[in-house]
There are 2 protein chains.
Amino acid sequence: MSVTQSFSGKRTAEIVGITYRQLDYWARTDLIKPSLTPATGSGSRRLYSYQDLLELKVVKSLLDAGLKLEAVRNAFGYLRTQLGEDVASANLVINGSRSVLARSGAELVDILQNGQGVLNVLPLAGVKQQVDAAIVQLYPTPQEAPEQEIVIEPSDVAPLRSVL
Amino acid sequence: MSVTQSFSGKRTAEIVGITYRQLDYWARTDLIKPSLTPATGSGSRRLYSYQDLLELKVVKSLLDAGLKLEAVRNAFGYLRTQLGEDVASANLVINGSRSVLARSGAELVDILQNGQGVLNVLPLAGVKQQVDAAIVQLYPTPQEAPEQEIVIEPSDVAPLRSVL
DNA sequence: AACGTTCATGACATGTTTGTAATTACCTAG
DNA sequence: CTAGGTAATTACAAACATGTCATGAACGTT
C-alpha cells in the first residue's frame, strides 16, 4: 500500500547532490524536514520521501544559481502556501520575497515585464528529470521494481504529481 | 570637456542605496572600483562615474534578489568581457556562472528553455531609471546644469550608452 | 597657516552556513 | 544477546559579508 519510496539521509544527500551536513542543517533549521520520519534524538534515522527529494533538488538548484539560503527560505515559505496546483512543466519564479508559478513562456515574459528588479526562474521539469536520473544511476531499482514509480520519462513534459 | 559627472563615495552609496561599508568593501575586493579616482591611502577620495553607479545598482539589485555576492562577482567578471554592445532595454540574464544579454522576450524564453537550472533575469532599463530618479531626488541639479547629462528620460526605452 | 569636516583604513565583532571530528544510539547479523 | 557498522548528534572551527569604532590623512575654508 505504501506507494511511497523512502530514502535515508545519506542516500538522499547523494541523490540530490548535497552534503550530508547540508541536509542535516536544513532539517534542523526547518527548511526541509523528512516528511516520512523525523529525527528523534542521537542515532535515530531520518526518512525522506520522493517529494522531499524534489524539494531538496529545487533548493540545491537555487543555491547553485548563487541564491542565498535565506532567499530560498523565503521562496519556500511563500511557495508552500500555494501547493496543490497542477504544475506540469511550470517554472518557479522568485521575485524577491514572492514566488509564483509561470506555466507558459508568455506568462513568464508577462511577469518579467511587470516585475521590478531581478527574477529568478527555475524550470521544474528539469528538476524531476535530474532527481530520477540520479536515483537510477546511484541505486538501480533497489529490490522492488514492478510496483514503484521510479520510472523516468526522458525529455517530455512529465507532470509532477502534487506540485513541486 | 569632462562631460562625465563625478560622485563621491558617500553620495554614491546614498544614490545606489547601499551602505558606505559595502561600497568600500566592494572597492577593496575589486568588485567595482571607482573608475574616475581610485583610493590612494588614508584621506584620499574615491570618485565614481555615472557608469559606476549603474553597475553598482545592478549589484545592489542582484543582492536584493537574494544572490550571493560571490555569484554577483562571477556574473560581472563574465559580463565585463562582452561590454560595448547596444544594450537598449536589454535584460541581463545570469545562468550560473555565465551572463548574457537578452534583447527581446522571445530571446529570453529561448534562453530559458535551453538553459539548465536557474536563470536570474534583470531588466536593465529599470536600473538606469532608478539611479536617475535617486540622483535628482537626492541632489537636484548640483550647481551645474546647462552642460551636464543628469537629465532623465522618464519611462521610455532610454538606451544605456556604452552598455550597462 | 590653522581647523574642522570628510573619508579611507584597520582592527574587531557578529551572524550565517558549512566542514571536520568525536560521540552516541540504532539495527541487523551471528 | 552481543558485536559492528552505519547514521544522527554535538561541539568546534572557519569563511564570508557586513556593522561598528577609532585613527589619521587630505581637502576646503577662513
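Numbers restart at 1 for each chain; the letters A, B, ... are given by sequence-line order, proteins then strands.
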Please classify the nucleic acid contact of [X] as base, sugar-phosphate, or nothing, using heavy-atom distances under 4.0 Å.
X	result
B:Thr29	nothing
A:Gly9	sugar-phosphate
B:Lys68	nothing

#### Entry: Base of C:dT20 paired with side chain of A:Arg21 (donor-acceptor, under 3.5 Å)
yes

[N] OP1/OP2 closer than 4.0 Å to side-chain N/O of [X]:
X	N	value
A:Trp26	C:dT18	yes
B:Tyr25	D:dT18	no
A:Arg46	D:dT9	yes
A:Thr19	C:dG19	yes

### Summary
The complete set of salt bridge (charged side-chain N to carboxylate O under 4.0 Å, His left out) pairs with one or both residues in residues 113-122 of chain A, sequence neighbours excluded, reads none

Nearest whole angstrom, please: distance from the [atom2] of [N] to the [atom1] of [X].
X	N	atom1	atom2	result
B:Gln22	D:dT20	CD	P	12 Å
A:Asp30	C:dT16	CG	P	14 Å
A:Leu47	D:dT6	CG	C1'	14 Å
B:Asp24	C:dT6	CG	P	18 Å
B:Glu70	D:dA17	CD	C1'	12 Å
A:Leu23	C:dT17	CG	P	15 Å
B:Arg11	C:dT6	CZ	C1'	13 Å
A:Phe7	D:dT6	CZ	P	20 Å

### Message
Output one letter per nucleotide in nucleotides 24-30 of chain C: B when a protein non-hydrogen atom lies under 4.0 Å from the base, S when only the sugar-phosphate is that close, - when neither is.
### Response
BBB----

Report yes if some heavy atom in the side chain of [X] is under 4.5 Å from a heavy atom in the side chain of [Y]; otherwise report no.
X	Y	result
B:Arg73	B:Leu69	yes
A:Val59	A:Ile18	no
B:Val16	B:Val131	no
B:Val72	B:Leu63	yes
B:Ser61	A:Val118	yes

### Query
Between D:dT10, D:dA17, C:dT9, which nucleotide has the shortest distance from any of its atoms to the side chain of B:Arg73?
D:dA17

### Task
Between D:dT9, C:dT18, D:dT20, spot the one nearest the side chain of A:Tyr20, thanks.
D:dT9

### Query
Given that B:Arg28 and A:Leu63 both sit by DNA chain C, which one's nearest nucleotide is further toward the 5' end?
B:Arg28

### Task
Only one of A:Asp52, A:Thr12, A:Asp24 passes side-chain hydrogen bond (donor to acceptor under 3.5 Å, both in side chains) with A:Arg46; say which it is.
A:Asp24

### Task
State, to 0.1 Å, how close A:Lys33 and A:Tyr48 come at their nearest heavy-atom pair, and which atoms those are.
C-CE2, 4.1 Å

